[in-house]
2 protein chains.
Amino acid sequence: MTQHELVRRLGVSRGTLHRVLTDSPLVKEATREKVLSELKKLNYTPNALARALKTRKTQTIGILGPSEIKAANINKLNEIYVAARAKGYRIELGYSDGSPEADEACIRELKARMVDGIIALGRGMVDNIPQYQSIIESGTPFISLYPIPGLNADCVYVDTQKAFMELVLHLTHNGHREMGILLDSSVSQYTKNRELGFRAGIEQAGLTLCESFIVRARSTEENAERSDYQLGYELAERAFKMNPRPTALVCFSDELAIGVLRAAEQNGVSVPSQIAIVGYDDFEGAKFARVPLTTMHQPNEVLAQEAVDLMIRRIEQSGPKTSVSIAIPASIVVRESCGCITK
Amino acid sequence: MTQHELVRRLGVSRGTLHRVLTDSPLVKEATREKVLSELKKLNYTPNALARALKTRKTQTIGILGPSEIKAANINKLNEIYVAARAKGYRIELGYSDGSPEADEACIRELKARMVDGIIALGRGMVDNIPQYQSIIESGTPFISLYPIPGLNADCVYVDTQKAFMELVLHLTHNGHREMGILLDSSVSQYTKNRELGFRAGIEQAGLTLCESFIVRARSTEENAERSDYQLGYELAERAFKMNPRPTALVCFSDELAIGVLRAAEQNGVSVPSQIAIVGYDDFEGAKFARVPLTTMHQPNEVLAQEAVDLMIRRIEQSGPKTSVSIAIPASIVVRESCGCITK
DNA sequence: GTGAAAGCGCTAACAC
DNA sequence: GTGTTAGCGCTTTCAC
């Protein structure tokens with residue numbers, strides 16, 4: 001059912017039809033009613049592609065996304081969807097494994113589909129700055145959900161660095177002086193900021209860091225298939241063998257922390273009495289872990305709302321703009337795994 | 001950069017340009033090289049919307065999806081994406097809360113964007129049959145990832161009913177005779193098939209079912225906000241109070257089972273010695289639960305591959321077709337929570 | 001081998 | 001108030 005056919009059946013012109021469709025007041029009431037009732041009957045829906053081609057707007061925000069929607073991203077993605085929807089926008093998923101080539105291909109595809117703007121979901125790839133830059137130069141609004149040093153772009157993000165510092169300080173308040181951190185193998189800012197926050201916390205507490213307590217997963221190749229749970233399990237086994245060993249472990253993510261909890265049990269290390277464990281994310285399962293996890297809650301709803309609001313502002317009022325950076329703080333959720341509360 | 005502009009700069013016609021773009025052999029080598037090199041330089045990407053408008057094909061599979069991408073769906077979604085991508089198709093997410101109205105709106109939107117076919121992701125809503133039927137009648141290929149009684153459509157699905165039966169039989173082999181099942185509050189086939197499989201298992205084992213051991217979550221309204229973890233926790237508290245109580249609990253999902261494990265610990269019920277718990281899904285965290293979960297593994301990769309293959313066949317060879325139904329078996333993964341293996 | 005022209009379904013500017 | 005028309009960027013006949 002096209003407008004062409006519609007006007008034939010209705011005996012009105014395309015202009016009038018269009019006016020009815022757009023609720024224009026410049027149409028006689030009788031005509032409008034006739035057209036509307038016929039439209040309902042025929043169940044007409046305008047072709048969004050043709051419309052977009054003409055108007056140069058798709059009401060769509062492209063997501064420069066992960067190759068896999070992982071647990072860590074899914075909540076953000078959902079919140080973005082909800083926030084966008086509420087403003088009459090839809091989202092379109094692009095997929096990329098994060099390599100510059102994949103990102104470039106992903107960007108090309110999103111632009112070929114004429115998205116109105118692009119949000120980069122949870123990536124911290126310094127290597128991809130040229131790709132991000134090219135989006136901005138082409139005039140397409142771009143927002144990163146993670147700060148990338150050297151990239152002058154709008155950014156809305158949860159302050160991971162500060163969050164990890166807060167975790168460390170929380171542990172020190174509870175008497176810990178020898179803390180370790182378990183990191184994944186990526187080279188993203190995502191990982192780096194966790195380490196930086198950890199170091200900052202140690203420093204602020206006036207402690208000296210034992211470098212060997214920074215435990216990194218090995219080469220990406222072999223870890224590609226591993227889940228965060230599995231990774232945590234393996235990293236913990238390394239950490240438990242240390243002598244002396246840390247009295248507290250800060251984990252890259254909640255899933256990783258849960259893997260650590262399992263390794264702890266199997267090695268006869270009791271949590272939190274012998275070792276404290278804290279995670280990051282506050283995903284749904286954190287509360288139900290073997291030992292309920294102390295972790296940092298990410299206000300993803302706020303993040304998404306801010307990002308979408310900013311994006312729509314960028315899309316709809318194209319003027320001179322100076323990049324903004326909106327940091328959103330995570331908040332600590334104290335449960336049992338840090339040993340700070342007695343059951 | 002449009003073809004119009006391109007031909008101006010290159011001094012060739014649109015026809016020739018198009019032939020180069022589509023690797024047609026009917027173009028002189030010299031011309032081709034000149035055009036290609038210029039294309040690279042200008043970083044030209046054809047407008048996908050305009051192309052789709054003309055060719056009537058978007059190389060896109062629409063997903064009649066959930067309003068939220070939940071853990072249970074995410075893995076399927078990823079696998080569909082990968083399988084589709086490998087065949088040169090992309091996916092486009094529609095969102096619906098599952099109500100007939102939302103589904104209808106979602107379908108309209110997908111069709112307005114001219115998706116080549118629609119896959120319904122993990123829903124079992126009998127109420128929405130008219131909506132699904134309308135897709136089929138309009139000639140758009142449609143595949144459901146869950147069987148819906150009364151709907152004559154292509155279907156590729158994991159056989160949940162058989163899976164739950166298998167769980168029950170596994171438990172009976174281990175001596176259980178009084179089993180219960182914990183169900184969510186939805187009225188979908190999704191939930192119903194679990195119950196049916198459970199009942200079938202009891203019957204096949206020659207046992208009599210205690211109806212009160214079928215524990216259903218209460219009204220959807222108040223449960224909307226609850227995670228499966230939380231739901232499991234609450235349902236377990238009800239189950240533990242029964243007297244006599246079941247010696248084994250079959251859970252709607254792994255997440256729900258993990259909630260049950262927590263409730264068990266808090267109520268001093270030891271798993272598996274005092275009560276056996278089994279889940280369904282084999283999600284990443286199942287192995288790392290408080291007590292590693294015995295569960296059914298869903299071969300989502302196979303499911304996605306079959307669904308995408310079938311979909312592309314339907315899209316590309318439009319002929320007379322008779323609906324097929326492909327059932328894929330889940331397989332049991334025995335861990336500690338059922339008590340069948342000694343640590 | 002190459003070019004010209006028609007049209008996918010829609011919107012918007014302009015005429016009546 | 002209503003109708004007409006020229007494109008959006010692309011593909012695809014059909015001539016040459």
Side-chain angles (χ1 to χ4, degrees), chain A residues 1-36 38-39 42-60 88 108-116 138-140, chain B residues 1-36 38-39 42-60 88 108-116 138-140:
Chain A
M1 182 58 46
T2 73
Q3 285 194 2
H4 181 72
E5 204 169 335
L6 232 39
V7 297
R8 246 201 30 236
R9 290 163 92 123
L10 292 173
V12 296
S13 74
R14 305 195 64 154
T16 303
L17 174 57
H18 184 244
R19 264 165 240 132
V20 172
L21 251 23
T22 52
D23 281 321
S24 159
L26 306 106
V27 56
K28 202 157 59 179
E29 201 47 42
T31 324
R32 148 169 291 126
E33 303 233 322
K34 187 183 75 177
V35 172
L36 277 179
E38 194 71 9
L39 284 180
L42 294 171
N43 194 27
Y44 168 76
T45 314
N47 183 310
L49 270 40
R51 184 202 298 253
L53 193 58
K54 182 66 187 172
T55 60
R56 326 292 318 163
K57 312 202 89 277
T58 48
Q59 297 281 108
T60 300
R108 282 173 80 101
E109 189 171 322
L110 289 175
K111 298 186 74 170
R113 304 187 56 81
M114 296 175 59
V115 295
D116 297 332
S138 73
T140 303
Chain B
M1 182 58 46
T2 73
Q3 286 192 1
H4 181 72
E5 203 169 336
L6 231 41
V7 298
R8 249 202 27 238
R9 291 163 93 122
L10 291 172
V12 295
S13 74
R14 304 192 66 153
T16 303
L17 173 57
H18 184 245
R19 267 165 237 129
V20 172
L21 251 24
T22 51
D23 281 321
S24 157
L26 305 109
V27 57
K28 204 156 59 178
E29 201 47 42
T31 323
R32 147 168 291 126
E33 304 231 322
K34 188 184 73 178
V35 172
L36 277 179
E38 195 68 11
L39 283 180
L42 294 171
N43 195 29
Y44 168 75
T45 314
N47 182 309
L49 270 40
R51 187 202 296 255
L53 193 56
K54 185 64 188 170
T55 60
R56 325 293 317 165
K57 313 202 86 277
T58 48
Q59 297 282 108
T60 300
R108 282 173 81 102
E109 190 171 321
L110 289 174
K111 297 186 76 172
R113 305 189 53 83
M114 294 175 63
V115 296
D116 296 334
S138 73
T140 303

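Quick caveat: nothing in here was measured; it's all calculated off a predicted structure. Heavy-atom basis, side chains included; hydrogens, waters and symmetry copies ignored. Numbers restart at 1 for each chain; the letters A, B, ... are given by sequence-line order, proteins then strands.
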| Rounding to a whole Å, what distance do you find between Lys54(A):NZ and dC8(D):C1'? | 6 Å
| request: Output yes when a side-chain donor or acceptor of Thr45(B) lies under 3.5 Å from a complementary backbone atom of Ala112(A), and no otherwise. | output: no
| said: I'd like the 5' and 3' limits of the part of DNA chain C contacted by chain A, with heavy-atom contacts below 4.0 Å. | reply: dG9(C) to dA12(C)
| task | Using atom types as modelled and distance alone, determine if a side-chain donor or acceptor of Arg108(B) lies under 3.5 Å from a backbone N or O of Tyr44(A). | result | yes
| query | Is there a donor-acceptor contact under 3.5 Å from the side chain of Arg32(A) to the main chain of Ser24(A)? | reply | yes
| Rounding to a whole Å, what distance do you find between Met114(B):CE and dT11(D):C1'? | 13 Å
| Nearest-angstrom distance from the residue atom CG of Leu53(A) to P of dT11(D) | 12 Å
| query | Got a donor-acceptor contact below 3.5 angstrom from the Thr58(B) side chain to the Met114(B) backbone? | reply | yes
| query | Which heavy atom in Asp116(A) sits nearest to a heavy atom in Gln59(A), and how many Å separate them? | reply | OD2-N, 2.7 Å
| query | Rounded to whole angstroms, how far apart are CD on Gln3(A) and C1' on dG3(D)? | reply | 14 Å
| task | Evaluate the side-chain proximity of Val35(B) to Leu6(B): yes if any heavy-atom separation is below 4.5 Å, no if none is. | result | no
| So which of residues 23-31 of chain B are in contact with DNA chain D, with a heavy-atom cut-off of under 4.0 Å? | none
| field | Considering all heavy atoms, the nearest His4(A)-Val7(A) contact | value | O-CG2, 3.0 Å
| Which atom pair, heavy atoms only, marks the closest approach of Leu53(A) to Arg56(A)? | O-NH1, 3.3 Å
| field | Arg51(B) side chain near dT11(D) phosphate (N/O to OP1/OP2, under 4.0 Å) | value | yes
| request: Using heavy atoms and a sub-4.0 Å distance, could you list which residues of residues 5-22 of chain B are near DNA chain D? By number, please. | output: Arg14(B), His18(B)
| Any donor-acceptor pair under 3.5 Å linking the side chain of Gln3(A) with the backbone of Arg14(A)? | no
